[in-house]
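In what follows, a single structure is set out as structure tokens and then discussed.
What's counted below: heavy atoms across the whole structure, side chains too, no hydrogens, waters or symmetry copies. Chain naming here is simple, since letters A, B, ... match the order of the sequence lines and numbering starts at 1 in each.
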2 protein chains.
Amino acid sequence: MEYTVKKLAKLAGVSSRTLRYYDEIGILKPARINSSRYRIYGRKEVDQLQQILFYRELGLELEKIKKIITSSSFDPAQALLDHRRKLLAKRAQLDQLIDSVDKTIAASEGRITMQDKEKFDAFKQRLVDENEKKYGKEVREKYGNNTVEKSNQQVLKMSEAEYEEVQRLEKEMKDELSKGLKTGNPASEAAQKAAALHRQWLSFFWVKYTLEAHAGIAQMYVDDERFTAYYDDEEPGTAKFLRDAVQIYTGAK
Amino acid sequence: MEYTVKKLAKLAGVSSRTLRYYDEIGILKPARINSSRYRIYGRKEVDQLQQILFYRELGLELEKIKKIITSSSFDPAQALLDHRRKLLAKRAQLDQLIDSVDKTIAASEGRITMQDKEKFDAFKQRLVDENEKKYGKEVREKYGNNTVEKSNQQVLKMSEAEYEEVQRLEKEMKDELSKGLKTGNPASEAAQKAAALHRQWLSFFWVKYTLEAHAGIAQMYVDDERFTAYYDDEEPGTAKFLRDAVQIYTGAK
DNA sequence: ATACACCTTTACGCAACGTCAAGGTAAAGA
DNA sequence: TCTTTACCTTGACGTTGCGTAAAGGTGTAT
């Protein structure tokens, strides 16, 4: 039995365009071209298309599929295992995203509470903690999402306690900072401890911490007078000093 | 403080290209353009970029983000809830994919066993059952992935029993088919029952069942002599009759 | 003969940028 | 002051897997 594009397309449940595309990228060539330049597919091509669609259902990219079905040396089992790992990574990422979104929603619902604490105003768009990042991944893999979600809910209920922790962290950081400021050396132990505490503090607000972003915000403390004023309140030069310490801490300089 | 593209990019941890792109699509315009046509950003833009990146971390599309930050009537909370639903749907899809891949891997590991049953040869690329589709989704939502995965493992161990079930289904289908064949009416009760059984049977091999694909494969039974011979073995015309019955069952005709 | 369903190739669109390319500008060092 | 170096600009193609016209040829039924 021979098929034109439309017929084969209908048979396999794909579009004609798809078959032309598969021809174009060389993953499924027609058995022959007839005198009117029509693509004609045969039984062999039907079988191959079934294979292609099977792997497609599993989410593999067409290029991978091409390798699987054309190269005899290519190992389909290994390709599937690779693919599986990719899928698991994607799911883990998605899980994290969902958690972040959940927390943002929860935070926006409780926004009034948070607005009372005026110091959070500058970061009000970043009211998502990444607390779970520290242990969330492993726990999620070991005990499943349920466990993590329950724990997340508890964390959400703990937001008042967290606030205390944030306050404590900030105070401790400032203390270390003024200690370091006396030495004048941003590489000093106290200054570096302050930078580390600053990182912890930031982690309460940021969805995703990176060294670059940390260095960036420290720079902003100097560039943006609102922040400079806040940090220089007790001792002028504190913002600059913090920036220098963070630059060393993050390896930016 | 004013920033050129590179400076702002570094501050925020994105690329210069990204900032130009954001300008291009109108989601973040520079405060002004200087005499050398350089983009100059101010404090307001820094704040807005922080907002954009925050939502970006949550996986929202730039167009959605644009609406959130430009239109005051647009509800960010609702947007987040919508987004959350999308993410959950994506995860469910991913979970299914992973299961399918797992089963395929398991099936390929046990391929030798399956190859003994020669009748499966024509479908050897589709050795993935979608059994779990029936109950997997709800269970997964109620009890988490762990439960489903355990159940899946049991299913895999049960493959011998499943094989019996598949055999039984095929026999039952053939019986109904020959009953229907005597009436000559593909819309008869027996013929339609056969089509339904055929669907069940297919569901053992297909990653994803669709009416179109079902109709397509029934057509192939007629077009492809290998299948025609198989179905017409006891009674000529059986393949055609099955196709007709399935076409009615799937609404293809 | 005409309508209608099918076929062909060409090419833009999508999402969010990465990556040259070609050419102009600014700041720093010799 | 000259030159290097680092930055800036716009333009345009590539990425993935097709959907969707557009413009024109073919096959078949009436």
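Within the structure, every side-chain polar atom (N or O) of R20(B) is placed at least 4.0 Å from both OP1 and OP2 of dC17(C). For S36(A), no side-chain nitrogen or oxygen approaches OP1 or OP2 of dG25(D) to under 4.0 Å. The side chain of R56(B) contributes an N or O atom lying less than 4.0 Å from OP1 or OP2 of dC17(C).
Here the nucleotide nearest the side chain of V5(B), chosen from dT9(D), dT8(C), dG19(D), is dT9(D). Comparing dC18(D), dC17(C), dG24(C) by their closest approach to the side chain of Y38(B) singles out dG24(C). Comparing dG18(C), dT10(D), dC6(C) against the side chain of K6(A) picks out dC6(C) as the nearest. Comparing atom distances between the T4(B) side chain and each of dC8(D), dC17(C), dA26(C) picks out dC8(D) as nearest. In this structure, the nucleotide among dC18(D), dG18(C), dC7(C) sitting nearest to the side chain of S16(A) is dC7(C). Closest to the side chain of Y21(B), out of dA16(C), dA26(C), dC7(D), is dA16(C).
With rounding to whole Å, I40(A) atom CD1 is found 15 Å from dC6(C) atom P. Atom pair L19(B):CG and dC7(D):P shows a separation of 15 Å (rounding to whole Å applied). Atom NZ of K86(B) is separated from atom P of dA15(C) by 11 Å (rounded to the nearest Å). Atom CZ in R32(B) sits roughly 16 Å away from atom C1' in dT9(D) (whole-Å rounding). Atom P of nucleotide dG17(D) and atom CG of L60(A) are separated by 10 Å, given to the nearest angstrom. Straight-line distance from the CD atom of E24(A) to the P atom of dT9(C): 10 Å, rounded to whole Å. Atom CG in N34(B) sits about 17 Å away from atom P in dG24(C), given to the nearest Å. Distance Y55(A) OH to dG17(D) P: 16 Å, rounded to the nearest Å.
In the model, H83(A) has no side-chain atom that pairs as donor or acceptor with a side-chain atom of Y55(A) under 3.5 Å. Between the side chains of D82(B) and Q78(B), at least one donor-acceptor pair of N or O atoms lies under 3.5 Å.
Within 4.0 Å of I25(B), counting heavy atoms only, lies no atom of the nucleic acid at all. Residue-level contact check: R17(B) touches the bases, meaning some heavy atom is under 4.0 Å from a base atom. Residue contacts for R39(A): at a heavy-atom cut-off of 4.0 Å it reaches the sugar-phosphate backbone alone, with no base atom in range. Among the protein residues, E61(A) comes within range of the sugar-phosphate backbone only, with heavy atoms under 4.0 Å from sugar or phosphate atoms but none that close to a base.
When L11(A), T4(A), V5(A) are each tested for a side-chain contact (heavy atoms from CB on, under 4.5 Å) with Y41(A), only one passes: V5(A). Looking at R32(A), K7(A), R43(A) one by one, the single match for side chain to side chain donor-acceptor pair (under 3.5 Å) with E2(A) turns out to be R32(A).
Using a 4.5 Å heavy-atom threshold, the side chains of H198(A) and H214(A) count as touching. The shortest distance between side-chain heavy atoms of E45(B) and Y3(B) does not fall below 4.5 Å.
Taking the nucleotide of DNA chain C with the nearest heavy atom to each of E63(B) and S35(B), the more 5' of the two is matched to E63(B).
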